[in-house]
Protein chains: 2
Amino acid sequence: MDNKEAIVAYARKTVPITELEAIEFASAFKEILVKKRQFLIQPNFTAKSRYFVLNGSLRAYVIGDDGQEHTIQLALEEWWISDYNSYIYQQPASMFVVALEDSRLLEISYDDESKLKAINHQFETFFRLLAERTAASMQRRLISNLTKSAEERYELFIERYAEFTRRFPQYVIASYLGMTTEFLSKIRNKRVKQKS
Amino acid sequence: MDNKEAIVAYARKTVPITELEAIEFASAFKEILVKKRQFLIQPNFTAKSRYFVLNGSLRAYVIGDDGQEHTIQLALEEWWISDYNSYIYQQPASMFVVALEDSRLLEISYDDESKLKAINHQFETFFRLLAERTAASMQRRLISNLTKSAEERYELFIERYAEFTRRFPQYVIASYLGMTTEFLSKIRNKRVKQKS
DNA sequence: GACAGACGATGAACTACATTAGGAAATATG
DNA sequence: CATATTTCCTAATGTAGTTCATCGTCTGTC
């Protein structure tokens, strides 16, 4: 039960939760350990759970028709990860979700989450706010992809997600930003030269 | 009160609502008429409302640093529109929202929506599902933008949003799909030739 | 401690798409 | 119904970003 304090503390940043409710809330989660390179979700299988990261790092990506990997989401401590579309609609996934480091996660199944939402208005509110923030951040990323150049997107990324830049390898960041590793390498090199 | 039946009928597709609740729900909305080219939201002003389209069409777009317009969202009958990020966080908008035709809308303010969510678990659930679906559709669009070519994005668009293709001018669709009108024109021309 | 696989850098050739500029057709609007 | 204005098309030229191929370095791992 110890590690589940983290998810309660996290939820309490958003909605008030009593001690009694906290037990109920926490009991819907199950702690799991995953090894580096272990897959949690794969295309064509339905994402039956989503995951809250206690520690470690994960990556969600799709493989396009051309065989290229495109990173859709990254997760560190206190982030959630899954194939969002698959989870919400309980339909086959299009994404891979894989651990980039040995990680400790809290898993919640779609059914257990549904029950939490149904039995308690506060829990419903918590997940509603989570969804709203997810939608808002996706929209910001979409706008960034539509309006900014590769270089600008990289600048914004390292400014906004400094920690990610340190924790994830370059090819992951490049594929998150929608460019090739080669091009990101070129951008980085240009930046270094400009500073001197 | 007449036109507000539409929003109740719409909500009932998602959650059960009693007759009594229906009145409460509908009373949070206000019918408004907007003329073609009229703006509902502009950058730097906070989007205090979101809008449900009874009839007509609207467009949400940003203007990038280079002066280019990028369409973020389109709305026809039974769609919602606003600057999502601005509305959710009640922060200054980055988008314009403008009517492309004379339109009839139902407006709900952030405060009235918050009250609906607070007083009734069903209403909260309704808006939670709305947010989840919004997030899922944004993610699908993001993936499409990352993994598909301009031509493939256009193909998917006309397949999935046939009605949009009929109702919106080409430059709007091009800027929604993240390409120039000239390039879209080229794609269309190529398609016509291929079919014969 | 050597070998294999992952990661990043670099440069040259290529391509998907943008930009610019022009004009034709369709639609509003007085 | 006449004239703006908006929308759409065509074609030449330009460029951000990709592809491909090569090489050095670093990091496990038996």
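Sequence lines set the chain letters: A, B, ... in the order given, protein chains first and strands last, and positions in each chain run from 1.
Axis orientation changes by 50° from one end of the helix from C:dG1-D:dC30 to C:dG30-D:dC1 to the other, with each end axis drawn from 5 pairs and the value rounded to 10°.
Using a 4.0 Å heavy-atom distance criterion, B:T181 is classed as making no nucleic acid contact.
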_Base versus backbone protein contacts along nucleotides 19-30 of chain C [heavy-atom cut-off under 4.0 Å; B, S, -]_ = BB--------S-
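Using the six-membered ring where Trp is involved, A:F25 and A:F123 have ring planes that are tilted, between 30° and 60° apart.
Heavy atoms of other residues, nucleotides or ligands lying less than 6.0 angstrom from NZ of B:K148 number more than 12.
Using modelled atom types and a 3.5 Å distance limit, the side chains of B:S114 and B:D111 yield no donor-acceptor pair. Checking A:T71 against A:R59 by side-chain atom types alone, a donor-acceptor pair falls below 3.5 Å. A:Q73 and A:Y176 form no side-chain donor-acceptor contact under 3.5 Å, judged by distance and modelled atom types alone. Between the side chains of A:Y51 and A:W79, not a single donor N or O lies within less than 3.5 Å of an accepting N or O.
OP1 or OP2 of D:dC9 sits under 4.0 Å from a side-chain N or O of B:Q170.
Of all nucleotides listed (C:dA9, C:dC17, D:dT10), C:dC17 comes nearest to the side chain of B:S149. Here C:dT10 is the nucleotide among D:dC8, C:dT10, D:dG17 with the atom lying nearest to any side-chain atom of A:S185.
The CZ-P distance, from B:F168 to D:dT7, rounds to 13 Å in whole Å. Put simply, CD on B:E151 is 10 Å from P on C:dA16, counting in whole angstrom units.
Under the 4.5 Å side-chain criterion, counting only non-hydrogen atoms from C-beta, B:K190 is in contact with B:E151.
With ring centers used as reference points, B:F29 lies 6.0 Å or more from B:F52.
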